[in-house]
Amino acid sequence: PVNHLYQSRVVGYNSDLLKATAPALHKFYKKYYRPDAATLCVVGDLDPEQVLAIVRKHFEIIKRPKTPRKSHATIPLLHEFSVKHTQLYREVSNESLLCYWPLPGYVAGNVMPNALAYILTKGAGAMLTNQLVKKHKIAHAVSAQVVAWVHGGIFCLKITPAKGKVRACRKMVGQVL
């Protein structure tokens, strides 16, 4: 669909690739394959200082091109190494069930996903809240949120299941939706 991240083929169509010449490929490579256009993600139970030392050893030697890269991004670009930490798991007394669906082409202000969030979780007719919390008593709370990103967004459901009821909640979500 229009505005979707995958609306165009990343590598190109086979017919175009077969017509490509070595000079054209070299020009494309020089233009788009640049260290200032790269992102490196490191995941794991690692020492950030050791990881940064290894990254710097192998990547700081790459020369930055003389011509600046034109960016169409609407988020700030970081031009230095940084470390971010997100704790995805920890011992907790209550489990959570998080469900996410991509919204290709979503633009902030589009009322449809927000209306769905309301219909599922808020008010007297809240479909999911009524089924999970009130009728079947397999969850303590249900909430929904729509998050806009640069290209589209995500629809998020957060459910706090009753003890041992994660599978039952997941099954009910599938039935309701």
Query raised in the report: Looking at Ala148 and Tyr106, what are the two nearest heavy atoms and their distance?
Result: CB-CE2, 3.6 Å

Query raised in the report: What pair of heavy atoms forms the shortest contact from Asn114 to Asn110, and how long is it?
Result: ND2-O, 3.3 Å

Query raised in the report: Same cluster or not: are Ile119 and Leu103 linked, directly or through other Ile, Leu, Val, Met, Phe, Trp or Tyr residues, by side-chain heavy atoms under 4.5 angstrom apart?
Result: yes

Query raised in the report: Val142 and Val133: side chain to side chain contact (heavy atoms under 4.5 Å, CB included), yes or no, with the steps?
Result: CA-CA 8 Å; Val142 180; Val133 178; 4.0 Å; yes

Report task. Find the distance between NZ (Lys135) and CG (Asn130) and round it off to the nearest 0.5 Å. Result -> 10.0 Å

Using a 3.5 Å cut-off and no angle test, enumerate the donor-acceptor pairs between side-chain atoms of residues 17-27 and protein atoms at least two apart in sequence or in another chain.
from	atom 1	to	atom 2	distance (Å)
Thr21	OG1	Ala24	N	3.2

Query - Stepwise side chain to side chain contact (heavy atoms under 4.5 Å, CB included) check, Val147 with Cys156 - result: CA-CA 8 Å; Val147 179; Cys156 315; 4.2 Å; yes

Query raised in the report: So how far is it from Met112 CE to Leu116 CG, rounded to the nearest 0.5 Å?
Result: 8.0 Å

Query - Approximate separation, where rounding is to 0.5 Å, of Gln145 CD and Ile154 CD1 - result: 8.0 Å

Query raised in the report: Excluding sequence neighbours, so at least two apart, what forms side chain to side chain donor-acceptor pair (under 3.5 Å) with His140?
Result: none

Requested in this report: To the nearest 0.5 angstrom, please state how far the CG atom of Leu52 sits from the CG atom of Leu46.
Outcome: 11.0 Å

Return all side-chain donor-acceptor pairs below 3.5 angstrom for residues 120-129, not counting sequence neighbours, or 'none' if the list is empty.
from	atom 1	to	atom 2	distance (Å)
Thr121	OG1	Ala117	O	2.7
Thr129	OG1	Thr121	O	3.1

Query - Interatomic spacing from OG in Ser96 to CD1 in Ile159 - rounded to 0.5 Å - result: 9.5 Å

**Report entry** Set of side-chain contact (heavy atoms from CB on, under 4.5 Å) partners for Ala141, sequence neighbours left out
**Finding:** Thr160

Under 3.5 Å, which donor-acceptor pairs do the side chains of residues 165-177 form with other protein atoms, sequence neighbours left out?
none

Requested in this report: Compare all side-chain heavy atoms of Ile138 with those of Pro161 and state whether any distance is below 4.5 angstrom.
Outcome: no

Requested in this report: Just jot down the side-chain contact (heavy atoms from CB on, under 4.5 Å) partners of Ile61, sequence neighbours excluded, or say none.
Outcome: none

